[in-house]
Amino acid sequence: MEFTASQIASFINGKIIGDENALITGVSPIESGEAGHLSFVAQERFAHHLDNSKCSVLIVTETLINKDQYGPTIIAVEDAYLSFQILMNLYQEMQGRKEGIEDGSSIHETAVLGDRVYVGAFTYVSEKAKIGEGTQIYPQVYIGKGVKIGKNCKIDSGARIYDYCIVGDNCIIHSNTVIGGDGFGFQPTPEGFQKIPQLGNVIIEDNVEIGSNCSIDRATIGSTTIGKGTKIDNLIQIAHNVKIGQNNVIASQTGIAGSTTIGDWNQIGGQVGIVGHIKIGSQVKIQAQSGVNSSVNDKETVYGSPAIAYNDYLRSYVHFRKLPELAKRINNLENSSKDHTNE
């Protein structure tokens, strides 16, 4: 697709500085711009690119503009990062949505599909499954018995949604993620570990995005739940009966053990481990690689393994780095004290 600078400005209510007819055929990172491409500058540390970028058009936060003319055409906006996101969303919508049932897919006669649904080749939709209007299910997806998927969802290739799980509206589930696998439940006996049946399901509420290669286990009884607006990165394990609230962000390689409850608007860093049967409040920040083995109150920031208050950890770490030096000083003081005692 081709757009002029004036067309782009009209989408984001921007003010043009330069050639309003400058033609755009693609986008580039600001560091490696190309003629005919669009990029953006949203922070002061990238402002030097305004004079040397090879891009034809730049979307720029207006507070960074300090002269009347630049090499590229400038589209001045209040927030360049937000405006660029708006454009990317518009572009994605212009690509169109697939519709229809491709050859090679298998849909049980009792399954119910809404209008404008797309089902890709080699996808299997089981009995009594319900797929909402406008949802797109890409090739090689498995939809289990009695699964309910809402409107305008996107289920990428290779995803698996097991029996009786529920997915809300406007959700995205990326490739090779498994929703509703058995929870890790075993009872020790004299003969070994006996499997406990996992009879619950997973409920994913509206506007949730789940990255690739994640595992979200079904509850033993009841439901494992992921709240509205929560965003889950790749390679994350969420165990049975976990309850995650609304608008959380959880970074890659985090593991959450069974029956833990997590509130709303939390930020959980990469490689965090959270033990089972505890409660994480709301508006909590858990720094990357922390191990959380006890409940955390609202609005706390924790760090370390086991995780403690963030500022306490930083102060402790200063001393930890100097531990050999401190040990040597203590030994010297003890030896000096012994010498004085012998006198």
Quiz prompt | Gln194-Gln187 side chain donor-acceptor pair, cut-off 3.5 Å | solution = no

Practice problem: Apply the test ring pair (Phe, Tyr, Trp, His ring centres under 6.0 Å) to residues Phe186 and Phe193: give CA-CA distance (whole Å), side-chain angles for both, the deciding distance (0.1 Å), then the verdict. | Solution: CA-CA 6 Å; Phe186 298 91; Phe193 290 93; 7.2 Å; no

Self-check item: Heavy atoms of other groups near Lys231 NZ, more than 12 under 6.0 Å
Solution: yes

Quiz item: Is there a path from Leu90 to Ile8 through hydrophobic residues (I, L, V, M, F, W, Y) whose side chains come within less than 4.5 Å of each other?
Solution: yes

Quiz item: Any side-chain heavy atom of Leu87 sitting closer than 4.5 Å to one from Phe11?
Solution: yes

Quiz item: More than 12 non-hydrogen atoms from neighbouring residues, nucleotides or ligands closer than 6.0 Å to NZ on Lys243, yes or no?
Solution: yes

Quiz item: Heavy atoms, side chains only, cut-off 4.5 Å: are Asp156 and Ile173 in contact?
Solution: no

Exercise. For atom CZ of Arg97, decide whether the heavy atoms of other residues, nucleotides or ligands shown that lie under 6.0 angstrom number more than 12.
Key: yes

Quiz prompt | Min side-chain heavy-atom separation Ile143-Ile149 under 4.5 Å | solution = yes

Practice problem: Please check if any side-chain donor atom of Gln198 sits under 3.5 Å from a side-chain acceptor atom of His240, or the reverse. | Solution: yes

Quiz item: What do you reckon, is CD of Glu31 surrounded by more than 12 foreign heavy atoms closer than 6.0 Å?
Solution: yes

Quiz item: Should we count CZ of Phe184 as having more than 12 external heavy atoms under 6.0 Å?
Solution: no

Quiz item: Who pairs with Asp182 by salt bridge (Lys or Arg N to Asp or Glu O under 4.0 Å), at least two apart in sequence or on another chain?
Solution: Lys195

Quiz prompt | Derivation of the side-chain contact (heavy atoms from CB on, under 4.5 Å) call for Thr123 and Ser106 | solution = CA-CA 6 Å; Thr123 283; Ser106 179; over 6 Å; no

Quiz item: Linking I/L/V/M/F/W/Y whenever their side-chain heavy atoms sit closer than 4.5 Å, directly or via other members, would Leu50 and Ile16 fall into one cluster?
Solution: no

Quiz item: Got more than 12 heavy atoms from elsewhere within 6.0 Å of CD, Gln7?
Solution: yes

Quiz prompt | From CA spacing to verdict: side-chain contact (heavy atoms from CB on, under 4.5 Å), Ile196, Thr220 | solution = CA-CA 8 Å; Ile196 300 171; Thr220 307; 4.1 Å; yes

Quiz item: Between Ser223 and Thr225, do the side chains contain an N or O donor and an N or O acceptor separated by less than 3.5 Å?
Solution: no

Quiz prompt | Ile221 atom CD1, over 12 foreign heavy atoms within 6.0 Å | solution = no

Quiz prompt | Modelled atom types, side-chain donor and acceptor of Asp19 and Thr73, under 3.5 Å | solution = no

Quiz prompt | More than 12 heavy atoms of other groups within 6.0 Å of Asp51 CG | solution = yes

Self-check item: Proximity of Phe84 and Phe40 rings by center, below 6.0 Å
Solution: yes

